[in-house]
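First up is the structure itself, then whatever we jot down about it.
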Amino acid sequence: MKLTLRVWRQQNADSPGAMATYQVDDVSQDMSFLEMLDVLNEELILKGEEPVAFDHDCREGICGACSLVINGDAHGPERTTTCQLHMRSFQDGDTIDIEPWRAAAFPVIKDLVVDRSAFDRVIQAGGYITAPTGSAPEAHATPVPKADADYAFEHAECIGCGACVAACPNGAAMLFTSAKVNHLNVLPQGSPERETRVLDMVSQMDAEGFGGCTLTGECATACPKGIPLFSITAMNKEWLRASRKVKR
Amino acid sequence: MALTTRPEQRPTQAERRPSIALSFWQSTLGKKIVMGVTGLIMIGYLCVHMLGNTKIFFGPEEFNAYGHWLRVMGAPVLHHQWGLWIARVVLLASVILHGVSAYQLSRRDIKARPQKYVHTKPRMSYATRTMRWGGVILGLFIVWHVLDLTTGTTHSGGFQEGHPYQNVVDTFSTWYGNVIYIVAMLAMGLHVRHGFWSAAQTLGAGNRTRDRALKAIANALAIVLTVGFISVPVGVMTGVVS
Ligand code: HEM
Ligand code: FES
């Protein structure tokens with residue numbers, strides 16, 4: 001396949017940045033999107049140009065590091081992560097636009113790499129449970145109803161990639177935050193912090209400068225792990241409950 | 001021994017424990033809940049208002065009597081016009097809280113996404129995209145509507161206090177009266193369609209199994225309210241009401 005790539009290049013957080021156009025000729029349908037960028041980077045290095053910076057780690061769809069907006073879609077046209085997107089989803093001769101996640105809370109560091117530490121701080125605000133560490137607890141000590149376990153697992157699938165924020169026209173982190181809140185709040189292990197978790201994570205989310213939810217649903221469409229839009233509804237319910245319950 | 005799980009940082013919301021009102025107003029979730037509740041109050045009012053308006057098809061006596069009843073509503077418990085004034089105060093507070101929240105949240109949303117994508121594609125549904133300017137149209141309409149038919153300040157022809165039937169016929173005998181009203185009612189329908197469903201999500205009432213029912217109710221509300229309200233100017237234009 002021969003492709004034309006239009007890639008966002010930006011030297012650092014303070015420089016303006018612009019789209020740059022590149023040709024890549026030796027692309028196989030079986031390559032992943034990141035392997036295709038590797039090919040581009042090898043060519044750039046051979047030519048003595050600076051390679052395109054992009055985030056990646058596991059390349060198997062589980063770490064949440066990869067983060068590209070491809071033709072206006074976070075993680076591209078398929079419901080998966082950028083690293084698991086394959087070039088067979090494109091046609092020979094295509095022009096592909098590649099941009100970084102765009103949100104005030106995710107400033108660009110370089111080219112396609114953004115700073116997602118706002119997510120870490122949201123997690124620090126309440127995305128943990130109180131448990132003795134050191135030895136593994138007896139697995140059957142805390143029974144969890146099957147339905148709750150499934151619900152927790154559905155939300156635990158969130159890999160924190162930030163595609164929801166990138167897709168949201170308001171740069172909101174509601175889907176991410178709600179996945180984390182619901183995952184722990186439904187489980188007995190998470191119940192001691194049930195109220196403070198949702199209040200603190202939402203308040204940290206606001207403090208990071210994410211936008212608010214207008215229920216456009218773009219986040220759930222973009223999510224590579226299929227976190228449902230109703231996750232946000234459930235978090236709203238938890239937040240309302242906690243606002244009433246926490247003693248003042 | 002005890003290990004802090006959180007690094008040094010400002011006190012969390014749960015630690016600060018602001019009053020309920022403050023924690024609502026300071027949070028994006030809380031403000032959205034204010035919008036949802038005030039929006040539902042206004043939708044409830046619109047349903048009653050629309051039903052009341054259809055009395056115009058039963059002649060001036062019945063319609064004017066209805067207008068009179070609004071003033072003695074709640075009697076003898078409430079003094080003359082108190083019921084009406086309570087409703088007005090609640091509605092005014094709702095419109096203001098709803099509008100201010102919408103403005104502040106929208107400002108925040110725009111700031112949270114300062115840079116647009118080069119590659120854009122329109123995808124959101126029609127009603128979602130129209131919430132903001134639709135809301136502004138509704139706000140302007142409400143002002144005009146009150147000045148036109150409640151106070152009579154901008155009324156065409158002689159406004160007669162206590163004769164709402166004639167006043168309505170006068171308004172809908174002008175082309176601009178009809179245009180303003182019908183455009184505003186279409187905007188209202190779109191706003192209610194997305195607004196009702198949104199409010200259900202904001203208040204935590206939505207889920208997978210209920211979604212079809214909620215969307216159906218939202219559609220039904222939007223259509224019934226729009227058709228109900230527009231029937232009045234259409235009635236005047238076609239001479240059914242004169
Ligand atoms: C008869 C008048 C109105 C009714 C019945 C109404 C109803 C609603 C409802 C139920 C919602 C959903 C709230 C939620 O998402 O939880 C909503 C949202 C909204 N309303 Fe209104 N509203 C009215 C007037 C206005 C006015 C005057 C404005 C503008 C100043 C406005 C602007 C908005 C905006 C921007 C949203 C947010 C949309 C979103 O978050 O997706 N509305 N409205
Ligand atoms: S690189 Fe780990 S999810 Fe894509």
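Being a predicted model, the structure only gives us computed values, none of them experimental. Heavy atoms only: backbone and side chains are in, while hydrogens, waters and symmetry mates are out. We name chains A, B, ... by the order of the sequence lines, and we start the count at 1 in each one.
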Could you tell me which portion of L229(A) (side chain, backbone, both or neither) has an atom closer than 4.5 angstrom to a non-hydrogen atom of chain B?
-> side chain

R241(A) versus chain B, heavy atoms under 4.5 Å apart: side chain, backbone, both or neither?
-> neither

If you tally heavy-atom pairs under 4.5 Å between each of L105(B), N207(B), T120(B) and chain A, the highest tally belongs to N207(B)

If every non-hydrogen atom of M73(B) is compared with every non-hydrogen atom of L70(B), which pair is closest and at what distance?
->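 Scanning both residues completely, I find the closest heavy atoms to be CB-O, 3.4 Å.
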
Sub-6.0 Å ring centroid separation between F54(A) and F33(A) = no

Decide if the gap between the ring center of F153(A) and the ring center of H183(A) is smaller than 6.0 angstrom.
->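 Ring-ring flag for F153(A)/H183(A): false, centres at least 6.0 Å apart.
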
Is L215(A) close to W197(B) at the side-chain level, that is, under 4.5 Å between some pair of heavy atoms?
-> yes

Can you tell me how far the CZ atom of F119(A) sits from the SG atom of C161(A), to the nearest 0.5 Å?
-> 7.5 Å

Could you give the distance from CE (M201(A)) to OH (Y128(A)), rounded to the nearest 0.5 Å?
->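 With rounding to 0.5 Å, CE (M201(A)) is 9.5 Å from OH (Y128(A)).
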
What residues form a salt bridge (charged side-chain N to carboxylate O under 4.0 Å, His left out) with K116(B), not counting sequence neighbours?
-> none

Taking salt bridge (charged side-chain N to carboxylate O under 4.0 Å, His left out) as the test, write out the residues that go with D148(B), two or more places apart.
-> none

Hey, what's the ring geometry for Y181(B) with F141(B), parallel, tilted or perpendicular (30° and 60° as the breaks)?
->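 Geometry flag for F141(B) against Y181(B): perpendicular rings.
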
Contacts with chain A made by residues 210-225 of chain B (heavy-atom distance under 4.5 Å), listed by residue number | D211(B)

How would you list, in number order, the residues of residues 93-105 of chain A that have a heavy atom less than 4.5 Å from chain B?
->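 Result: D97(A), E99(A), P100(A), W101(A), R102(A), A103(A), A104(A).
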
S89(A) side chain to E78(A) side chain, donor-acceptor N/O pair below 3.5 angstrom | yes

Between Y22(A) and R9(A), does any side-chain donor sit less than 3.5 Å from a side-chain acceptor?
-> yes

